[in-house]
Amino acid sequence: MSNNNIVENLRKEINNFSLKLKIEKVGKVMEVFDGIAKVSGLSDIKSSEMVIFQNGENGVALNLEEDAVGVIILGDFSKIKEGDDVKATGRILEIPVSDNILGRVVNALGVPIDGKGVIKADKTYPIEKVAPGVITRQSVDQPVSTGIKVIDAIIPVGRGQRELIIGDRQTGKTAIAIDAILNQKGQNMICVYVSIGQKDSKLRKLQARLEQGNSMDYTVIVSAGASEAAAMSYIAPYAGVSIAEYFMDQGKDVLIIYDDLSKHAVAYREISLLLRRPPGREAYPGDVFYLHSRLLERACRRNEKYGGGSITAFPIIETQAGDISAYIPTNVISITDGQIFLETDLFYKGIRPAVNVGSSVSRVGSSAQIKAMKKVAGTLKLDLAQFRELEAFSQFGSDLDDATKRQLERGKRAVEVLKQLQYAPVKTEHQVVTLYALVKGFMDDVSVEKIKEFEQGLIDYSENNAKTFYKEIRDAKMWTEKSEEQLKKIIIEFKSSFE
């Protein structure tokens, strides 16, 4: 190359040269301990803004103080040391979202942890978001079919509702949530299961169970394990609801389960105390109510004008010795639209799911039921509550009148009918037939020991012989007089062959 060409090229380079200024906000780690870092030099950082430490770990600015910023570290804090650089990103904490996330297990930052490769996502959603306003919502009137007889009949849940599952440990809270997910197959519902502070072994079993029931196709699992930093447990439920909102924005219905918010509150308490926030009742910080209310308020049913879609939330809370009047349980009860209360005594008596019908309530009520279910289950809650009273009373006196005896016998059969095996959700139309036979007195003279056998036999027999009735329940959600007569006839036929 000649000297002239070299000079010409250099001239071009000089003419095209432009200086681009890139401003980076960089701070220094003052101290680091237990997943928390105190950082100086980031005076204009925003709350919940993401930061990157020198070793590549992420963090979130949570405490904005006069001379320092309290950052929670999302990952391994052992490799971060005093004097390390910390860069502000300018981005509020967000997670990647896409349709490809279905069937996957991700951590609280949306990173896959199931070994099935990267999830392609071209969109991100902020983890914190203001809940949809009242104008954008509509009333709850479509059922979420859980497949659990006692819930669908007595404590119905609607799309867009927040129904708390509460009880001591080992009473079947997670089992109810998993049954509800299994029963959404073919119901046009996406499920998000958020595991907070659970053992990895429990999560793997749960994932295997969902895969076995072919339910992972419409499910996302967000996991913050017991071995991870408290910061991950704190963020996980918000990450879960952001994923749910992504699907709701497409007009889809989503069921989200937070398992469980007691551990979430404990993780938040740990972070708050390390950040030197003042402790309040039971050492929880003063904003622990706001922590859960801003999470659960994001569950709603949007009206058609604002895109439709809904998020139904099942938060789970663990009580100590059945004490539902403790701080966190009462907080979450006041935020939700009802609760399903599971009782240890019932569980050990073999009444499973161990739902205490008296303490459980759905504030949406029968508006979240199909007409047929409303008709057969209308008086069931009252009957069961009266049965519990009479049962206690009848232990003291043997001299009971005939009406009381009849009520006791009907109550025993109702309790037996509402028992259900784990991971065996029951279709709505099967529930209607069973409860119809119970309420109309067809089971009154069947011995209690044979109720389960009678129920199963009746479902099989009626499915083959009362096709009109089943079709009406599936399509019109209610029966006609003609098909009701047909069903009565079939129950009588089956009963005579059963006896």
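Scope of the values below: all heavy atoms of this structure, side chains included, with no hydrogens, waters or symmetry mates. Small disclaimer: the values here were computed from a predicted structure and weren't measured.
Pairing each heavy atom of S195 with each of L203, the nearest pair is CB-CD1, 3.6 Å. The nearest pair of heavy atoms linking L42 to V26 is CD2-C, 3.8 Å. When all heavy atoms of G75 and E57 are compared, the closest pair comes out as CA-OE1, 3.7 Å. Shown here for P96 and A121, the closest heavy-atom pair between the two residues is CB-CB, 3.8 Å. Contact record, G103 with D114: O-OD2, 4.4 Å, taken as the closest heavy-atom pair. Considering every non-hydrogen atom in both A313 and A299, the closest pair reads CB-CB, 3.8 Å.
Two residues are said to be in side-chain contact when any heavy atoms from C-beta on lie closer than 4.5 Å; C300 and M248 meet this criterion. The closest side-chain heavy-atom distance from L210 to Y193 is not below 4.5 Å. Using a 4.5 Å heavy-atom cutoff, the side chains of M232 and N107 are in contact. Looking only at side-chain heavy atoms (C-beta outward), E163 and V364 stay at 4.5 Å or farther from each other. A 4.5 Å side-chain heavy-atom check between L274 and I271 finds every atom pair outside the cut-off. For the pair I257 and I181, the minimum side-chain heavy-atom distance is below 4.5 Å. Looking only at side-chain heavy atoms (C-beta outward), Y238 and L93 stay at 4.5 Å or farther from each other. Proximity of I176 to T146: side-chain heavy atoms (C-beta onward) are nowhere separated by under 4.5 Å.
No donor-acceptor distance shorter than 3.5 angstrom exists from the side chain of E343 to the backbone of A354, with no hydrogens or angles considered. A distance-only check finds a donor-acceptor pair linking the side chain of Q420 to the backbone of G147 [under 3.5 Å]. Here the side chain of R137 pairs a donor or acceptor atom with the backbone of P132 at under 3.5 angstrom. In this structure, the side chain of S366 does not engage the main chain of K374 through any donor-acceptor pair within 3.5 Å. Of the possible polar contacts, none joining the T89 side chain to the V51 backbone as a donor-acceptor pair under 3.5 Å is found. A side-chain donor-acceptor contact under 3.5 Å links N183 to the backbone of S145. For the pair D260 (side chain) and I317 (backbone), a donor-acceptor distance under 3.5 Å is absent. Under the 3.5 Å distance criterion, the side-chain polar atoms of Q369 are matched with a main-chain donor or acceptor of D152. Side-chain atoms of R301 never come within 3.5 Å of backbone atoms of D253 as a donor-acceptor pair (strictly under, hydrogens ignored). Judged purely by atom type and a 3.5 angstrom limit, Q187 has no side-chain atom pairing as donor or acceptor with the backbone of Q184.
With a 6.0 Å radius and a threshold of 12 heavy atoms from other residues, nucleotides or ligands, L10 has its CG atom above the threshold. Within 6.0 Å of CG on N188 lie no more than 12 heavy atoms contributed by other residues, nucleotides or ligands. Within a 6.0 Å sphere centred on NZ of K12, other residues, nucleotides and ligands contribute 12 heavy atoms or fewer. The 12-atom threshold is not exceeded at NZ of K87, counting heavy atoms of other residues, nucleotides or ligands nearer than 6.0 Å.
The distance from the CD atom of E270 to the CD1 atom of I72 is 11.0 Å, given to the nearest 0.5 Å. The distance from the CE atom of M189 to the NZ atom of K252 is 13.5 Å, given to the nearest 0.5 Å. The CD atom of E318 lies 5.0 Å from the NZ atom of K173; values are rounded to the nearest 0.5 Å. Note: I178 CD1 to K205 NZ = 13.0 Å, rounded to the nearest 0.5 Å. For the atom pair CG (D337) and CG (L164), the distance works out to 10.5 Å, reported to the nearest 0.5 Å. Here OG of S334 is found 10.5 Å from CD of Q339. Values are rounded to the nearest 0.5 Å.
One finds no salt bridge joining E282 and R269 here, because no Lys/Arg side-chain nitrogen approaches an Asp/Glu carboxylate oxygen to under 4.0 Å. Under a 4.0 Å N-O distance rule, the pair R11/E8 qualifies as a salt bridge. Ionic pairing of D179 and R209 is not present here: no N-O contact between side-chain nitrogen and carboxylate oxygen is shorter than 4.0 angstrom. Ion pairing of R298 with E245 is present here, as a side-chain N (NZ or NE/NH1/NH2) and a carboxylate O approach within less than 4.0 Å. With respect to the salt-bridge test (charged N to carboxylate O, under 4.0 angstrom), the residues E463 and R474 qualify. Ionic pairing of K28 and D84 is not present here: no N-O contact between side-chain nitrogen and carboxylate oxygen is shorter than 4.0 angstrom.
Each of I166, N356, I155 was checked for a side-chain contact (heavy atoms from CB on, under 4.5 Å) with I340, and the lone residue meeting it is I155. F314 pairs in a side-chain contact (heavy atoms from CB on, under 4.5 Å) with only one of the listed residues (D259, I256, L255), which is L255.
In this pair, H264 and Y234 present their aromatic rings parallel. The plane angle is below 30°, not in the 30 to 60° band.
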Does the side-chain contact (heavy atoms from CB on, under 4.5 Å) test come out yes or no for V288 and Y327, once each step is laid out? CA-CA 10 Å; V288 76; Y327 185 34; 3.5 Å; yes
Does D249 form a salt bridge (charged side-chain N to carboxylate O under 4.0 Å, His left out) with R302? I'd like the steps, not just the answer. CA-CA 9 Å; D249 289 346; R302 281 215 292 239; 2.6 Å; yes
List the steps, then state whether side-chain contact (heavy atoms from CB on, under 4.5 Å) holds for V106 with I95. CA-CA 11 Å; V106 298; I95 62 157; over 6 Å; no
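Between the side chains of T336 and R363, no donor N or O sits under 3.5 Å from an acceptor N or O. For the residue pair S78 / D76, a side-chain donor-acceptor distance below 3.5 Å is found, with atom types taken as modelled. Between the side chains of E65 and N63, at least one donor N or O sits under 3.5 Å from an acceptor N or O. Of the N and O atoms on the side chains of D99 and Q250, at least one donor lies less than 3.5 Å from an acceptor on the other residue.
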